[in-house]
Amino acid sequence: SVVCLRGGGGGAGGAGGEGIAPPAEGPRVFNLGGPERLSRADMARMLCARRGYPERRVVEVDRPAEAKSPADASMDSAKLRDTFGLATTPFDRALREIFP
């Protein structure tokens, strides 16, 4: 998905807040991923472990040739961190916060 951040009222600052203004040089693309590289299967296994489900329920299969999403969907969030000072949360910590 693509998200556009616009400056001005509302936005990330809430009702009447300032939001996040785009850089002076125009729109840029920022990737948002976690601080560690994880596969979808890794995340599913971590979720199973956190929720007490058997990890054997996660079955990795060969990727169909006609699949339209990339085999590796990992993203480097360094530009977002460096530009806005945003720190991402490790997946295992996020699971602990979501499922205490």
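Throughout, numbering of the chain's residues begins at 1 and tracks the sequence.
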Any residue meeting side-chain hydrogen bond (donor to acceptor under 3.5 Å, both in side chains) with Glu36, in chain and number order, not counting sequence neighbours: none

List the atom pairs, with distances to 0.1 Å, where a side-chain N or O of residues 86-97 and a protein N or O form a donor-acceptor pair under 3.5 Å, not counting sequence neighbours.
unit_1: Arg93; atom_1: NE; unit_2: Glu97; atom_2: OE2; d: 3.2

Met75 reachable from Leu80 in the ILVMFWY side-chain graph, under 4.5 Å edges: no

Path from Leu47 to Leu38 over hydrophobic side-chain contacts below 4.5 Å: yes

Pairs where residues 77-88 contributes a residue and the test salt bridge (Lys or Arg N to Asp or Glu O under 4.0 Å) is met, not counting sequence neighbours: none

Pairs involving residues 42-59, ordered by first then second residue, that meet side chain to side chain donor-acceptor pair (under 3.5 Å) (sequence neighbours left out): Ser39-Asp42, Asp42-Arg45, Arg45-Glu60

Nearest-0.5 Å distance, SG of residue Cys48 to CE of residue Met43: 12.5 Å

Where Ile98 and Pro100 come nearest, the two heavy atoms and their spacing: O-CD, 3.2 Å

Connected hydrophobic set around Val61, excluding itself, where side chains approach under 4.5 Å: Val59

